[in-house]
Amino acid sequence: MIPARYGASRFPGKLMQDLGGKPVIVRTYEAAKATALFDEVYVVTDSEIIFDEISNNGGMALMSQKEHDCGSDRIAEAVENMDVDIVVNVQGDEPFTSRESLEKVLSVFNGPDADKIDLASLMTEIHDWKEINDPNTVKVIVDQNDFALYFSRSPIPYPRDKNVDIQYYKHKGIYAFRKEAIMDFYRLPMRSLEAVEKIECIRYLEYGKNIKMVVFNSVGVEIDTPEDLARANKLLKESKPNGINNKFRNFPMVPKVIFGEGSFDQLADILNPKRQQMAPFIFLVDDVFQDNQEFLDRITLRFNDKMLFISTEEEPKTSQVDSLVQDIKAEFTNLPSGIIGIGGGTVMDLAKAVSIMLANPGSSADYQGWDLVKQKAIYHVGIPTISGTGAEVSRTTVLTGPVRKLGINSDFTPFDQVILDPELTQGVSKNQWFFTGMDCFIHCVESLNGTFLNAFSQSYGEKAYDLCLEIFLSDSLSEAESRAKLMMASWHGGMSIAYSQVGVAHAMSYGLGYVLGTKHGVGNCIAFQFLDEFYSKDVALFKEMVKKHNVQIPQGVCKDLTEEQMDVMIDVAMGMIPLWENALGDEWEKTITREKLRNLYRKM
Ligand code: NAD
Ligand code: ZN
């Protein structure tokens, strides 16, 4: 819910001011919608001008029937007769409200103490004594579980003993309410603490509600004055929020790579100079190798080095990363010298994520998104044993978290070292070889047919595409040649999407993965066969490959889905905005409707 009052005392009509070609309120509405976190987004307003503006732009707006003193009352009136569990308020004058902040405030309702929480809100660390003393800044103090104890315009706590280390927090006006909580607020009269401090949320405390506070340190841009608006316009020009689709990307590449049959045996020599005293190397190894003693003998464990076997039964999860990190921290006093991942895309992604999380606080779920990682990861090495995903070269690690499936995409994600030894892929089964190989083929197709394509990604994409045709359609290659070429196709396909993006098959595959747990490569193939409308020539080639290798693509996986599951699947797919923008351009929503995706999924 975005409460939007037309008359603002300090800057009248500010919500209708122009921000990069659209009114501020439309920007805020679009930003909230683009997070894909909500079932519905509404603007609630007292103004016909705002109502019309939102409606004419295809958005949903509600008129307040009554006069209201505050945004909470306006929201309460709007949701009174709606069937909702949780309502989030987004400030109308904060067009850059980030997805991360909203996601954080929502995530507590999936946490261990969710039952106790009536509402949740954000707080930001403050350090400047002037700000701590400023009555316009509302301070908050919390108990050991981050439940609010009190809000005040006074500095709380009062620093009687200057030697006690204390962190001050400022309250940010973003809330997620359970419906009962906001309805109670609406019905219950104001009491004296609220009245004297002029702070709305004190009413909840005065009536015994539990407010869970969440720390969020990034600062938003609030538009309170014409100067703020000028600054926001400049900001908008300089960078798109999140920087995902920037025209120019400055991304790191894997700095060291060794290639060739037998190159795996160089591992010990590569690691030696990186070894730190008392700090082990941790080897994450696909458990398919658990009984392969001949292979394991080629990995030399020294001192306190440790090997952990990783099951690939499920796609990597944030909880799995967190528990691996916890175990490593519990067992060793020093941070490891490095993490070595040996396996397919699953193990590559886990190795990247674990190396990041050993150097950064909190849960890996906090870092799902673009450029949220603050500290450099510890040294990490990737050794693929199956080819296709490009995970060995990419800047992301795809994880399923409590709220969504999304990569930790950062400059610190890529490996410091990769070993490409085609011999290691020898034991891969025919079907698996095909599914993972098709991930590479589909990366190329989606990159080469996308609107983000430039000469950089085209040069990698075309090479990888040709290699795939040679591997999967010609009969001219020996097995060893084919393995080596697929390893390089995977690498080039990964490089190609680094500067472009994947497309329709991946967006739909994410939906299948989220709801049914379908593996990435299999999901891509299930989707791709029905995408002739988007990639006709390549879907035909794909079908030829399927036939030539006599592979069975699972059929009918969506036929028993409930409507609810189908809706979630569509939500997840629709939420992959950069993928759709790449596939179909800015106007993608004209082609891709929920009905369209439903029809496509029903075929699968
Ligand atoms: P995978 O890692 O799950 O491996 C597939 C199967 O092959 C597993 O059963 C594994 O045990 C087996 N296997 C691997 N090497 C083998 C060998 N040498 N011999 C015998 N069996 C072997 O599958 P994948 O397709 O490589 O990776 C899929 C994962 O990669 C997904 O989780 C996906 O999200 C991720 N991915 C990441 C990126 C990225 O850029 N980070 C890109 C694409 C996909
Ligand atoms: Zn992929």
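Here the structure is a predicted model, which is why all the values come from computation and not from measurement. Start at 1 and go down the list; that is how both ligands and their atoms are numbered.
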What protein heavy atom sits nearest [atom], and how far away is it?
| atom | answer |
| --- | --- |
| atom 7 (O) of ligand 1 | Q432 CG, 3.4 Å |
| atom 25 (O) of ligand 1 | T436 OG1, 2.8 Å |
| atom 28 (C) of ligand 1 | T389 CG2, 3.9 Å |
| atom 15 (N) of ligand 1 | T385 OG1, 2.7 Å |

Please list, in number order, the atoms of ligand 1 under 4.0 Å from a heavy atom of [X].
| X | value |
| --- | --- |
| V428 | 16 (C), 17 (C), 18 (N), 19 (N), 20 (C) |
| A391 | 37 (C), 38 (C), 39 (C), 40 (O), 41 (N) |
| G344 | 2 (O), 26 (O) |
| G427 | 19 (N), 20 (C) |
| T312 | 3 (O), 8 (C), 9 (O), 10 (C), 11 (O) |
| T396 | 39 (C), 40 (O), 41 (N) |
| V288 | 11 (O), 20 (C), 21 (N), 22 (C) |
| L424 | 18 (N) |

Any non-hydrogen side-chain atom of [X] less than 4.5 Å from a side-chain atom of [Y]?
| X | Y | value |
| --- | --- | --- |
| V557 | T518 | no |
| V539 | F530 | no |
| I408 | L399 | yes |
| M545 | L473 | yes |
| I378 | I339 | yes |
| M569 | L516 | yes |
| V504 | W580 | yes |

Would [X] count as being in polar contact with ligand 1, using the rule that some N or O on each side must be under 3.5 angstrom apart?
| X | value |
| --- | --- |
| H443 | no |
| D439 | no |
| T397 | no |
| D349 | yes |
| G390 | no |
| T346 | yes |
| Q426 | no |

Contact between ligand 1 and F435 is defined here as a heavy atom of the residue under 4.0 Å from a ligand atom; is it met?
no

Tell me whether P316 reaches ligand 1 (any heavy atom closer than 4.0 angstrom to a ligand atom).
yes

Among the N/O/S atoms of D439, select the one at the shortest distance from the Zn ion (ligand 2) and name it.
OD1

For ligand 1, is any non-hydrogen atom under 4.0 Å from D287's backbone (N, CA, C, O), its side chain (CB onward), both, or neither?
neither

Could you see which bit of S394 sits under 4.0 Å from ligand 1, with heavy atoms only: side chain, backbone, both or neither?
side chain

Walk me through it: do T35 and L102 pass the test side chain to side chain contact (heavy atoms under 4.5 Å, CB included)?
CA-CA 9 Å; T35 63; L102 297 171; 4.1 Å; yes

Hydrogens and angles aside, do [X] and [Y] bring a side-chain donor and acceptor to less than 3.5 Å of each other?
| X | Y | result |
| --- | --- | --- |
| S410 | D371 | no |
| Q293 | D297 | yes |
| Y465 | D538 | yes |
| T396 | S394 | no |
| T389 | D439 | no |

Just go through D286, V398, I408, V502 and tell me whose heavy atom is the nearest to atom 11 (O) of ligand 1.
D286

Option set G388, S509, G345, criterion heavy-atom distance to atom 24 (P) of ligand 1, minimum
G345

Return the minimal non-hydrogen interatomic distance between S496 and S500, and the atom names on each side.
O-OG, 3.0 Å

Candidate pair E315 and K405, rule salt bridge (charged side-chain N to carboxylate O under 4.0 Å, His left out), full reasoning
CA-CA 10 Å; E315 301 270 279; K405 189 166 178 173; 3.0 Å; yes

Rounded to 10°, how many degrees is the angle NE2/H506-the Zn ion (ligand 2)-NE2/H520?
100°

Using 30° and 60° as the class limits, which term best fits the ring planes of F456 and F251: parallel, tilted or perpendicular?
perpendicular

